[in-house]
Each structure stands twice: as structure tokens, then as C-alpha cells.
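Numbers here simply count residues along the sequence, with the first being 1.
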Amino acid sequence: MSQYPLSDLTFKSLSEGEEIPYSLLLLADPSKEMIDGYLGPSQIYIAEQGGKIVGTMVLQPLGNNLIEIKNIAVLEELQGKGIGKYLIENAIQIAREMKMRYIQIGTANSSIGQLYLYQKMGFEIEGVKRNYFTDNYMEKIYENGIEAKHMIMLVKLL
Ligand code: ACO
């Protein structure tokens, strides 16, 4: 990990009326329609540094003591510096405060770095939503030279 300063990062939930950080949300999910579909029953959180939004995360309680990270994204130029890990640590803390028992996250079969990060943070593969991306997204998505077809679901026990 680089020596990027994380100490002055602040984390807060986005209040009603505040601008939705779509440019960040779209980094994690290329479909605005899909994003708008899950924002309703969710809470948006942001990480800021020096008054600038550097990352965002969307949490949605799903019932049965389960909460999902529906979207997580860091400004492209600041990726790989620990902000994603910081956001997930905050998600875990919020979920524990909400007395949730499980936290889950889904990512594409092609999202190799994300699968690494989530497993490193204690999430374990729980299942696969087969053809989730091919069924729900108009455009084909490629990452790391692999087509994003399936959603890999990972769960962490809190
Ligand atoms: N490729 C390779 N390694 C990665 C990647 C990646 N894409 N992302 C994170 N890592 C590794 C880092 O190297 C680091 O490893 P280390 O602890 O061994 O040094 C570790 O994961 C922690 O990385 P962070 O610096 O905390 O991650 P970052 O700040 O970049 O945030 C995130 C991760 C949110 C995935 C960010 O890269 C991003 O915004 N990517 C584009 C959007 C995206 O793919 N979002 C997730 C989609 S799934 C969903 O939203 C539910």
C-alpha cells in the first residue's frame, strides 16, 4: 500500500436533497437505470477529503438480518490507495451497529481485483446469479479481457 494519507478522510451518509454522486456510482454500475432501481430503499454514503467526494457506497437492508453493499466506487485517480477498504470497513461497522448478522456484496465474474479485495476483507463466495449481467444489461461488459456474465455473491458473517 502506498503512503497515501487516509487520516483526513471523512465518512457520512448523504442527506436528502444532496446531489447524488452519479459519476462515481456509474464507475461501479454502468446502468443508471439499474442504479435508480436500488437507490430508493438504500442509503448512500460518501467519503470526502478536503471537501471533495472521493468515494461512495450504497447500503440496502434486505431483511433477515442481511444488508447488501449495492454499489461501491472510488475516484479513478485515487483507486488503489486504501479508500475502498476504508468504505467497506465503514459498511461493516454500520451493519454491526444496525445489528445485522450478514453483509453481502455482488460483483461480476470478470472483476478479479474486486473479488480479491472482498475475499481479503472476509467475504466468502456464497452463490452465483447466473447470466445476471447478460440478462440485465443492454451492452456487453468486459473487464480484464473477460466478459461479465455472472454475478458472484459474497457474504461476510458479522
Ligand atoms: N484490481 C486489483 N486489485 C485491486 C482492485 C482492482 N480493481 N481493487 C482493489 N484492489 C486491491 C488493492 O490492490 C489492495 O490490495 P492490498 O490490500 O493487498 O494492497 C486492496 O484491494 C484494497 O484496495 P483499495 O485501495 O482499498 O481499493 P480502492 O480504493 O481502489 O477501491 C474499488 C476498490 C471500490 C473496487 C475501486 O477500485 C473502484 O471504484 N473500482 C471501480 C468501480 C468498481 O468496480 N466498483 C465495485 C463494483 S461491485 C459493487 O459495486 C457492489
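- Counted within 6.0 Å of CD on Glu19, heavy atoms from surrounding residues, nucleotides or ligands total 12 or fewer; the atom is thus considered open.
- Counting all heavy atoms, side chain and backbone alike, Ala95 lies closest to Ile103 at CB-CD1, 4.3 Å.
- Using a 4.5 Å heavy-atom cutoff, the side chains of Tyr102 and Leu62 are not in contact.
- Looking only at distances, no side-chain donor or acceptor of Ser13 sits under 3.5 Å from a matching main-chain atom of Tyr45.
- Residues Ile83 and Leu75 have side chains not in contact (no heavy-atom distance under 4.5 Å, counting atoms from C-beta outward).
- In the hydrophobic clustering of this structure, Ile46 groups with Ile72; members are Ile, Leu, Val, Met, Phe, Trp, Tyr whose side-chain heavy atoms approach within less than 4.5 Å, directly or through other members.
- With a 4.5 Å cut-off on side-chain heavy atoms, Glu68 and Met153 count as touching.
- Hydrophobic clustering (side-chain heavy atoms under 4.5 Å, transitive across Ile, Leu, Val, Met, Phe, Trp, Tyr) keeps Leu26 apart from Met34.
- Hydrophobic cluster membership is shared by Leu154 and Met57, with clusters built from Ile, Leu, Val, Met, Phe, Trp and Tyr side chains linked at under 4.5 angstrom.
- Side-chain contact check for Val54 versus Val74: every heavy-atom pair is 4.5 Å or farther apart.
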Item checked: Full working for side-chain contact (heavy atoms from CB on, under 4.5 Å) between Asn65 and Lys99 -> CA-CA 7 Å; Asn65 298 313; Lys99 306 271 183 256; over 6 Å; no
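- Residues Glu48 and Gly51 come closest through the heavy atom pair OE2-O, 4.3 Å.
- Side-chain atoms of Glu33 never come within 3.5 Å of backbone atoms of Tyr137 as a donor-acceptor pair (strictly under, hydrogens ignored).
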Taking distance alone, no hydrogens or angles, what donor-acceptor pairs closer than 3.5 Å link side-chain atoms of residues 105-113 to residues at least two apart or in another chain?
residue: Thr107; atom: OG1; partner: Ser111; partner atom: OG; Å: 3.4
residue: Asn109; atom: OD1; partner: Lys149; partner atom: N; Å: 2.8
residue: Asn109; atom: OD1; partner: His150; partner atom: N; Å: 2.8
residue: Asn109; atom: ND2; partner: Glu147; partner atom: O; Å: 3.0
residue: Ser110; atom: OG; partner: Glu143; partner atom: OE1; Å: 2.6
residue: Ser111; atom: OG; partner: Glu143; partner atom: OE1; Å: 2.8
residue: Ser111; atom: OG; partner: Glu143; partner atom: OE2; Å: 3.2

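- The ring-ring contact (aromatic ring centres under 6.0 Å, His included) contacts involving residues 61-99 comprise nothing, where partners must be two or more places apart or lie in separate chains.
- Considering all non-hydrogen atoms of both residues, Asn71 and Ala28 come closest at OD1-CB, 3.3 Å.
- What you find for Lys156 and Met121 is that their closest heavy atoms are NZ-O, 3.4 Å.
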Next item on the list: Could you check Thr56 against Ile20 for side-chain contact (heavy atoms from CB on, under 4.5 Å), going step by step and ending with a plain yes or no?
Entry: CA-CA 10 Å; Thr56 190; Ile20 296 172; over 6 Å; no
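- Using a 4.5 Å cut-off on side-chain heavy atoms (C-beta onward), Pro21 and Leu14 make contact.
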Item checked: Pair Leu117-Phe123, side-chain contact (heavy atoms from CB on, under 4.5 Å): steps then yes or no -> CA-CA 9 Å; Leu117 169 61; Phe123 289 78; over 6 Å; no
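- Cluster annotation: Tyr22 and Ile53 are assigned to the same hydrophobic cluster (Ile/Leu/Val/Met/Phe/Trp/Tyr, side-chain heavy-atom contacts under 4.5 Å, transitive).
- Considering all non-hydrogen atoms of both residues, Arg130 and Asp135 come closest at O-OD2, 4.4 Å.
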Note to self: Before you tell me yes or no, could you show the steps for Leu66 and Arg101 under side-chain contact (heavy atoms from CB on, under 4.5 Å), namely the whole-Å CA-CA distance, both residues' side-chain angles and the distance that decides it to 0.1 Å?
What the structure shows: CA-CA 6 Å; Leu66 174 67; Arg101 207 163 143 59; over 6 Å; no
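- Annotation: Glu124, atom CD; neighbour count of heavy atoms from other residues, nucleotides and ligands within 6.0 Å does not exceed 12.
- When all heavy atoms are compared, the tightest approach of Lys81 to Leu6 is O-CD2, 3.5 Å.
- Looking only at side-chain heavy atoms (C-beta outward), Ile44 and Glu18 stay at 4.5 Å or farther from each other.
- Cluster membership for Tyr38 and Ile141, using ILVMFWY side-chain heavy atoms within less than 4.5 angstrom, is not shared.
- Here the straight-line distance linking atom NZ of Lys70 with atom CD1 of Ile35 works out to 11.5 Å at 0.5 Å rounding.
- Rounding to the nearest 0.5 angstrom, the gap separating the CG atom in Leu78 from the NZ atom in Lys52 is 6.0 Å.
- Met98 CE to Leu158 CG: the interatomic distance, rounded to the nearest 0.5 Å, is 11.0 Å.
- Remark: side-chain polar atoms of Gln49 are paired, donor with acceptor, to backbone N or O of Pro5 under 3.5 angstrom.
- Under the 4.5 Å side-chain criterion, counting only non-hydrogen atoms from C-beta, Ile88 is in contact with Tyr118.
- Side-chain contact check for Ile69 versus Leu59: some heavy-atom pair is nearer than 4.5 Å.
- Side-chain contact, Glu97 with Gln93: a donor N or O sits under 3.5 Å from an acceptor N or O.
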